[in-house]
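Here is how names work: the chains are called A, B, and so on, in the same order as the sequence lines, proteins then strands, and each is numbered from 1. The structure presented is a predicted model; accordingly, all values stated were derived computationally and were not measured.
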Amino acid sequence: MTIPRTSRNIRPMHDMRFLRENLDGLKAQLGLRAGDVPWEDLRKLLQDRSNLMTQVEDLRHQLKTGSEEVGRLKREKQPADEAMARMKAVGDRIKEGEESLRLVDERVQDLALRIPNLPHQSVPVGPEAAANVEVRRWGMAPTLTFAPKPHWDLGEALGILDFERAAKIAGARFAVLTGLGAKLERALINYMLDLHTTTHGYREVLPPFMVNRAAMTGTGQLPKFEEDLFRLRDDDYLLIPTAEVPLTNLHREEIVTEAHLPIKYTAHTPCFRREAGSYGKDTRGLIRQHQFNKVELVAFAKPEDSYEELERLTAAAEAVLQGLGLHYRVMALCTGDMGFSAAKTYDLEVWLPSQKTFREISSCSNFEAFQARRASIRFRRANGKNDFLHTLNGSGLAVGRTLVAILENGQQADGSVLLPKALRSYMGGLERISKS
RNA sequence: GGAGGGGUGGCUGAGUGGCCGAAAGCGCCGGUCUUGAAAACCGGAGUCGGGGCAACUCGACCGUGGGUUCGAAUCCCACCCCCUCCGCCA
């Protein structure tokens, strides 16, 4: 089979010159996020790279002018042996220099690609989730006159969720949905896509579910998070952990025109995650699966508009929950809890009665130019200048978790589940899921 | 999987060893002309990186990587992608 095309145009979040001149400032600004980047190694490598570059470019200049001289001599039928011998030597030195430069470059790339994004100034500072800030809350938790059941009990009793057989055919962290469960999942996907493509102005996309390494590097999954990804044994493809990867990479190595911005895409895809390191967490139920469905929102915006766009994108994700009448809150993630690539993130957390707590159901982020640099996505301004644009994305929503919320929040004393009105037309008019 | 054709600037497309970062056309930008526009004519314009306050200057880039050569878009090797035909297949 084929080996996917990879790109050389992968840039870390900053260009080399900026890195060299601002390494200390960057490290300081990153604070807790500076983490496991070997800053001193990086500093030395950047200096080496700069020196080598000057040397090689100087030699190349000699070679160029020298070779032109040879050409001139030959045309004038003059002896050129001596000049040719000199240029041969210069050529050899260039080869050596280029080899050293290539090695240094590789190491700089690898280190620089591990530097996380800088948090936006509006992001609360803190070491971990406890420092996240609640921004707003919507709706009310349902008043249940009985002890709420977890969705796995509800689903198994209704005959629409089957974890045992999922373990038989695949393993732990997989689920089988049957009958009205499968239909409900499908209804949710359609409801979400319809909402985003009509009232929110997103263009629907159906992308590949496996991508090459260049794509994964562009959005920041590689090189640092390879152990979280499923990959194929015989081909260099990786299964997408989110539609963010194919959607954002749609415009990799492109220059889009300013008039087209913002560009907004939505897609439903399965998402595949190895969940390495989450052993023992959410082992029961649909909350944490190796494969789950998600409707994703991705936006490309001008830098000056991107934070406005983040609010709009978050509102679009919230609209899904509001349409379903689900109680939720919006959290601004603190510096220590944000993802590697994000400059600012809002999490939407939905109320789960059985756990008496809010659980993440969507994550909406502005990556600023972080992904755009890595993936080389630029736009041409009216004045003719090219500039990196800003990328954003958010779940709108995680479908499996939405199904969980609907089961748990809609549950009745008799074990049936009342469906939100907005979903009923997608369920053939059905109002309630009961044991059949 | 087999056979053949092809990848050059925003697009079309020329270019088989030096004067080619690359003809020409289209499109684009500026100007002349015009009441305005079109046409015509004149001029401009690639991307990335280094140096410089700047005018500017140096280097890289013709699918990707390697090789030959004083010198490669051009010759050689490998790979990737696209197209046509055959085979297989939902």
Side-chain angles (χ1 to χ4, degrees), chain A residues 1-22 45-106 108-109 112 206-218 232 234-238 246 249-261 263 369 372-389:
Chain A
M1 246 299 288
T2 55
I3 299 193
R5 188 164 83 101
T6 52
S7 169
R8 292 178 311 150
N9 298 337
I10 292 164
R11 273 184 208 81
M13 64 168 290
H14 297 296
D15 56 71
M16 295 298 160
R17 185 183 177 181
F18 177 89
L19 268 185
R20 203 169 66 240
E21 290 168 3
N22 298 284
L45 284 167
L46 283 167
Q47 191 54 52
D48 290 353
R49 180 178 179 282
S50 172
N51 294 342
L52 276 167
M53 196 113 109
T54 316
Q55 274 176 37
V56 169
E57 287 197 358
D58 185 57
L59 285 169
R60 274 203 278 250
H61 180 61
Q62 284 182 40
L63 182 70
K64 201 172 174 176
T65 50
S67 294
E68 277 164 15
E69 176 68 6
V70 170
R72 193 184 60 80
L73 289 172
K74 292 209 162 182
R75 244 174 286 123
E76 294 172 3
K77 308 272 192 242
Q78 293 186 35
D81 291 359
E82 194 262 346
M84 280 168 67
R86 259 193 301 125
M87 286 311 108
K88 171 89 178 147
V90 171
D92 290 344
R93 287 177 63 200
I94 290 176
K95 286 220 174 76
E96 289 167 27
E98 281 176 339
E99 175 61 11
S100 315
L101 190 58
R102 196 183 60 77
L103 289 173
V104 170
D105 230 25
E106 234 167 53
V108 168
Q109 282 288 323
L206 184 63
F209 301 158
M210 54 181 94
V211 302
N212 58 35
R213 285 179 175 270
M216 285 291 186
T217 309
L232 305 197
D234 292 331
D235 302 288
D236 208 6
Y237 291 128
L238 301 110
N249 278 284
L250 280 176
H251 293 295
R252 192 173 81 233
E253 286 157 58
E254 287 184 13
I255 302 173
V256 304
T257 52
E258 182 171 18
H260 290 156
L261 296 174
I263 298 171
R373 279 181 187 284
R374 294 170 74 109
S376 191
I377 310 173
R378 290 171 290 168
F379 74 107
R380 192 182 302 282
R381 289 188 183 273
N383 66 14
K385 285 277 185 194
N386 294 333
D387 218 344
F388 290 109
L389 45 70

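- Nearest nucleotide to the side chain of A/Met84, out of B/rG49, B/rG59, B/rC70: B/rC70.
- Taking the C1' atoms as reference points, B/rG87 lies 36 Å from B/rU16, given to the whole Å.
- Here B/rC70 is the nucleotide among B/rU68, B/rC70, B/rC58 with the atom lying nearest to any side-chain atom of A/Ser67.
- A salt bridge links A/Glu69 and A/Arg72; the closest N-O separation between the charged side-chain nitrogens and carboxylate oxygens is under 4.0 Å.
- If you take atom C1' in B/rG36 and the same atom in B/rG50, they sit 48 Å apart, rounded to whole Å.
- Nucleotide B/rG65 forms a Watson-Crick or G-U wobble pair with B/rC77, both donor-acceptor distances falling under 3.5 Å.
- A distance of 8.0 Å separates CD of A/Gln55 from CZ of A/Arg93, quoted to the nearest 0.5 Å.
- For B/rA78 and B/rG27, the C1' atoms lie 38 Å apart once the distance is rounded to whole Å.
- Comparing B/rG59, B/rC19, B/rC70 against the side chain of A/His61 picks out B/rG59 as the nearest.
- The P atoms of B/rA73 and B/rA22 are separated by 12 Å, rounded to the nearest whole Å.
- Mapping A/Gly71 and A/Leu63 onto RNA chain B by nearest heavy atom places A/Gly71 closer to the 5' end of the strand.
- Remark: A/Lys64 does not engage A/Glu68 in a salt bridge, criterion side-chain N to carboxylate O under 4.0 Å.
- Comparing the P positions of B/rC76 and B/rG5 gives an interatomic distance of 13 Å, to the nearest angstrom.
- Separating the C1' atom of B/rG21 from that of B/rA60 is a span of 11 Å, rounded to the nearest Å.
- For the P atoms, the distance from B/rU64 to B/rU69 is 23 Å, rounded to whole Å.
- Ion pair A/Arg102/A/Glu99 flagged as a salt bridge, since at least one NZ, NE, NH1 or NH2 atom sits closer than 4.0 Å to an Asp/Glu carboxylate oxygen.
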